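The next block holds one structure in the form of structure tokens; read it before the comments.
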Amino acid sequence: MNKNLRSRQKQRGFVDHPTATERAITGPDAVAKLATEPLHDMLHTLGTDLRGLTLAEVGQRHTRYGPNEIAHDKPPHWTVQLLRAFNNPFVMVLLVLATISFFTDVYFADPDDRDFKSIIILLTMVTISGLLRFFTEFHSLRAAEKLKAMVRTTASVRRRVVSSGKPERHEVAMRELVVGDIVTLQAGDMIPADLRLIESRDLFISQAVLTGEALPVEKYDTLGAVAQKSVDTGPAKPVQKNSASLLDLSNVCFMGTNVVSGTALGVVVATGSDTYFGALAKNVVSHKRVETSFDRGVNSVSWLLIRFMLVMVPIVFMINGLTKGDWMSALTFALAVAVGLTPEMLPMIVSANLARGALAMARRKVVVKRLNSVQNFGAMDVLCTDKTGTLTQDKIILEQHLDVVGNEQEDVLRLGWLNSFHQSGQRNLIDVAIIRRANEIGESVQPRTFAKIDELPFDFVRRRLSVVVANERSEHLMVTKGAVEEMLAVSTHVKTAQGVRVLDDTARAMLLARAEAYNEDGFRVLVVATRDIPAGETKTQYKTSDETGLTVCGFLTFLDPPKDSAAPAIAALREYGVAVKVLTGDNPIVTLKVCREVGLEPGTPLLGADIEPMDEDTLRAAVEHTTVFAKLAPLHKARVVKALQANGHTVGFLGDGINDAPALRDADVGISVDTGADIAKETADIILLEKSLMVLEAGVVKGRETFGNILKYLNMTASSNFGNVFSVLVASAFLPWEPMLAMQLLVQNLVYDISQMFLPWDRMDPEFLKKPRKWDAGNIRRFMLWIGPTSSVFDITTYALLWTVFGAGAMYHLHGGSGGQVIMNSGWFIEGLVSQTLVVHLLRTQKIPFLQSTPALPIMLSTTVAIGIACWLPYSPFAETLGFVSLPGSYFYWLAATMLGYIALAQTVKTIYIRRFGRWF
């Protein structure tokens with residue numbers, strides 16, 4: 001396979017000489033070489049045949065070459081995760097501060113004055129922050145892997161139990177494929193490995209994942225018609241060896257691409273990292289992932305706080321140095337202020353919130369493939385969804401089989417059964433409904449005497465499917481079913497009770513009017529038509545150009561009843577600020593009726609034909625006031641999604657078919673279901689285990705709750721830190737010494753941060769959940785500037801109280817120097833930590849705390865413990881070491897009065913803020 005194969009084999013104990021298979025398929029040009037070999041020789045080289053491998057051979061090859069997996073973002077080893085947990089800008093800031101503290105407090109200090117306490121506290125904060133983040137992310141990544149394992153992508157292969165046995169069809173996980181497996185493909189399948197085609201019928205492959213080219217390319221086996229006669233002995237038509245690119249090989253399908261239409265049979269020639277996609281994946285994984293909107297949001301807020309720190313800390317340093325004259329002490333204090341401004345728990349809070357959100361959503365039957373998409377889910381304000389299976393029951397019923405004038409006619413059902421029974425592509429709900437109805441009626445509508453000759457698979461441009469069958473006299477009959485307008489475009493005659501007539505304008509208008517009437521009654525309508533192929537024109541392979549001169553035989557009408565849950569789900573999404581738009585390939589009249597039945601006012605629909613000529617600006621204007629988009633091709637859906645995004649919306653797209661893949665890839669949140677097409681599941685960010693809008697509504701709520709708890713920490717920390725710095729600036733200008741020692745500031749910050757660890761377990765107010773939420777660094781800045789100074793008001797009153805009532809000023813004047821500083825330090829430490837912790841309850845909600853909004857129990861406990869520690873430390877055995885002194889009991893009466901005043905002022909400012917800006921977080 002690749003150059004490391006031999007070393008892997010030797011490590012596993014295999015023989016050290018290459019087999020013929022290994023010699024043939026080793027090297028970068030292996031796929032190209034195998035593509036140019038005659039089929040018989042290629043199969044011999046791979047040690048397989050058209051019956052497939054035996055189970056024993058599969059086991060041996062799987063053991064030898066390993067699973068069919070490409071390099072991807074796997075959870076790193078726990079040691080790597082541990083190191084990464086310390087890799088964030090806030091921890092880097094703390095480490096820089098610890099280094100500076102080492103030189104100021106230890107290296108350049110006199111031996112008798114060396115102080116390790118600051119360094120110990122800084123390193124403790126770094127350790128706690130890093131370890132908490134590590135444990136949170138370690139468990140969240142493992143949980144995410146378990147969730148993703150619930151979504152299984154499979155491939156259909158031919159295998160035999162024993163060498164002499166008959167080939168059996170097996171549905172196996174993609175990772176279990178080995179070289180030499182014979183794989184069958186149909187529309188909607190992902191290509192599970194690099195395949196050399198053996199047989200193909202109108203096979204179109206989307207290679208956008210490799211080339212970026214939106215239009216699918218046709219792939220075909222190079223044997224042509226010979227393959228139909230003697231695959232084992234027929235000489236292969238050579239592939240040009242001077243192909244400009246490996247991707248230009250017409251008989252090779254590459255891993256990661258997907259089948260748009262057609263069917264095929266292929267043999268696996270490369271798996272895992274030996275595939276073309278695998279080679280690309282190695283390069284992709286080795287590079288940094290592209291930042292998502294979530295990453296950009298976190299980074300913007302992080303750097304906002306860091307820039308604020310870089311501005312404020314030098315100011316604190318200069319004021320203290322100029323007013324106190326002790327520049328070394330000023331530097332130490334400024335470093336402690338810098339630590340106080342550093343929200344080192346932010347990475348842990350973010351990780352914990354996302355992990356809890358993903359696990360909570362899993363309990364609601366929503367599998368999150370990427371944790372960051374949890375926040376995007378909550379930010380979603382437009383949901384684009386298909387109609388079938390989401391608004392409707394996903395169980396189509398064939399209601400009527402009618403001739404062209406509307407009479408029940410079994411011949412029409414008979415022709416529909418011939419088409420659906422013999423087609424080999426992706427059998428959709430319509431085919432299932434036709435076959436089920438034919439089974440109910442009996443053998444009279446199931447003509448078994450016809451043999452299939454060929455098939456022209458469905459695609460989203462032709463919007464029809466044809467099969468060619470032969471009767472006992474070897475006469476060929478083309479039976480075609482498809483959308484009304486597309487069928488009439490290739491039809492020339494119409495079958496009536498009086499015989500076959502020319503399809504003139506009058507007859508065409510009559511058929512269109514009848515179909516529209518059925519649509520208005522809520523039915524989906526297909527036209528069934530035939531073409532008798534004269535003996536002189538029969539062939540073994542037909543092309544789409546042969547779909548001409550058809551005779552319309554009648555209509556098939558289908559009913560897809562709305563889901564009972566659709567109407568309340570749409571109402572719930574609307575209540576949460578999510579607009580629902582329907583993007584469907586179906587008829588607009590049927591779609592409008594279904595939308596009205598589920599409480600969605602459809603307005604005037606926009607059709608794919610209308611979108612096609614629009615430029616981007618025109619489309620952007622159109623999508624804002626359009627609810628229903630009908631008769632869309634896959635690229636139309638993607639254009640609608642991009643237009644909505646260009647208008648500033650966060651767009652979710654719910655789809656499960658191959659035609660949804662482009663839109664799923666372009667949406668902010670791609671949502672699919674576990675029963676969807678392979679390409680849809682692989683492209684999506686979120687997988688629903690239940691195709692229901694009610695599940696989405698629950699996911700939206702959980703996403704917003706998760707994001708809300710992250711915003712709580714950011715807003716509370718930013719405002720609290722700003723208030724503390726503002727208080728420090730005032731104290732530095734007017735007090736003869738720092739209001740708190742550097743080490744005391746570090747302890748205060750450590751206790752406060754630990755109390756914030758439990759914020760991910762808090763609940764959000766229902767009002768917050770009603771609107772989509774996005775990152776807004778500007779609002780955090782505004783929140784910080786408004787709310788922060790409220791605490792400073794009472795910090796300053798505390799300074800005055802300690803200076804006058806509790807004798808700090810008198811002791812300074814009596815003893816000079818640092819006299820009275822210990823009183824000031826002790827009193828402000830208690831007041832600062834109590835107010836900082838208590839205000840959590842005020843800021844976590846826009847309501848009146850405790851009366852209108854009660855925090856979760858973990859928050860109650862953590863803040864109570866933090867306040868208890870604040871009040872206990874100045875009286876504890878550590879008081880002298882930390883530079884504290886016991887205060888008289890009357891201090892706590894003043895403290896209670898101060899807290900009441902602080903709460904009253906903060907609540908007033910909060911009310912004014914909400915009235916002015918219309919929001920809280």
Side-chain angles (χ1 to χ4, degrees), residues 188 365 383-400 420 426-437 458 460 463 481-484 515-526 555-574 578-603 605 607-608 627-632 634 637 640 652-660 663-664 671-677 680 687-697:
K365 300 183 179 181
L383 172 66
C384 298
T385 177
D386 194 7
K387 173 178 68 67
T388 303
T390 306
L391 302 182
T392 59
Q393 293 182 11
D394 212 8
K395 183 181 179 181
I396 292 178
I397 302 167
L398 175 58
E399 283 289 316
Q400 301 165 306
S420 295
Q426 188 175 36
R427 185 164 289 173
N428 58 34
L429 296 173
I430 287 178
D431 293 309
V432 173
I434 291 172
I435 293 172
R436 182 172 59 240
R437 182 61 178 275
F458 177 87
F460 296 98
R463 295 171 63 81
K481 74 173 188 295
V484 176
E516 185 170 343
Y518 294 142
N519 290 155
E520 290 174 351
D521 288 335
F523 293 108
R524 298 180 64 177
V525 181
L526 295 185
F555 301 101
L556 297 172
T557 67
F558 301 86
L559 187 63
D560 189 7
K563 283 185 175 178
D564 295 336
S565 63
I570 289 175
L573 286 171
R574 187 185 299 118
V578 180
V580 177
K581 295 182 183 290
V582 179
L583 279 61
T584 179
D586 203 356
N587 183 287
I589 300 175
V590 175
T591 305
L592 294 179
K593 182 176 177 60
V594 170
C595 288
R596 292 190 183 99
E597 289 179 349
V598 298
L600 190 63
E601 181 52 48
L607 306 185
T627 299
V628 173
F629 302 82
K631 294 186 77 70
L632 300 184
K637 295 183 179 183
V640 170
F653 186 89
L654 171 59
D656 63 352
I658 179 178
N659 56 323
D660 298 319
L664 283 167
I671 309 163
S672 190
V673 293
D674 62 343
T675 57
I687 303 294
L688 306 183
L689 301 182
E690 177 182 316
K691 193 173 182 181
S692 167
L693 290 179
M694 291 303 295
V695 176
L696 282 180
E697 181 258 345

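This is a predicted model, so every value here is computed, not measured.
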Can you find a heavy atom in the side chain of [X] that is under 4.5 Å from one in the side chain of [Y]?
| X | Y | value |
| --- | --- | --- |
| Ile671 | Leu383 | yes |
| Tyr518 | Ile589 | no |
| Ile570 | Leu391 | yes |
| Ile430 | Arg524 | yes |
| Asn519 | Val525 | yes |
| Asp660 | Lys637 | yes |
| Pro602 | Thr591 | no |

In Å, rounded to the nearest 0.5 Å, how long is the span from [atom1] of [X] to [atom2] of [Y]?
| X | Y | atom1 | atom2 | answer |
| --- | --- | --- | --- | --- |
| Glu399 | Leu559 | CD | CG | 5.0 Å |
| Phe523 | Ile397 | CZ | CD1 | 10.0 Å |
| Thr584 | Phe629 | OG1 | CZ | 12.5 Å |
| Ile396 | Arg436 | CD1 | CZ | 9.0 Å |
| Gln400 | Asp521 | CD | CG | 8.5 Å |

Which pair of heavy atoms, one from [X] and one from [Y], lies closest together, and at what distance?
| X | Y | answer |
| --- | --- | --- |
| Ser672 | Gly655 | OG-O, 3.0 Å |
| Leu398 | Arg437 | O-NH1, 2.7 Å |
| Ser420 | Asp431 | OG-OD1, 2.8 Å |
| Pro562 | Glu597 | CG-OE1, 2.8 Å |
| Val582 | Cys595 | CG2-SG, 3.9 Å |
| Thr627 | Val580 | CG2-O, 3.7 Å |

Show, in sequence, the C-alpha distance, side-chain angles and deciding distance for Leu654 and Leu688, and conclude whether the side chain to side chain contact (heavy atoms under 4.5 Å, CB included) test is met. CA-CA 9 Å; Leu654 171 59; Leu688 306 183; 4.0 Å; yes
Within the distance-only criterion (no hydrogens, no angle test), does the side chain of Arg463 pair as donor or acceptor with the backbone N or O of Ala483 below 3.5 angstrom? no
Hey, which of Asp586, Val598, Val628 is the one that makes side chain to side chain contact (heavy atoms under 4.5 Å, CB included) with Lys387? Asp586
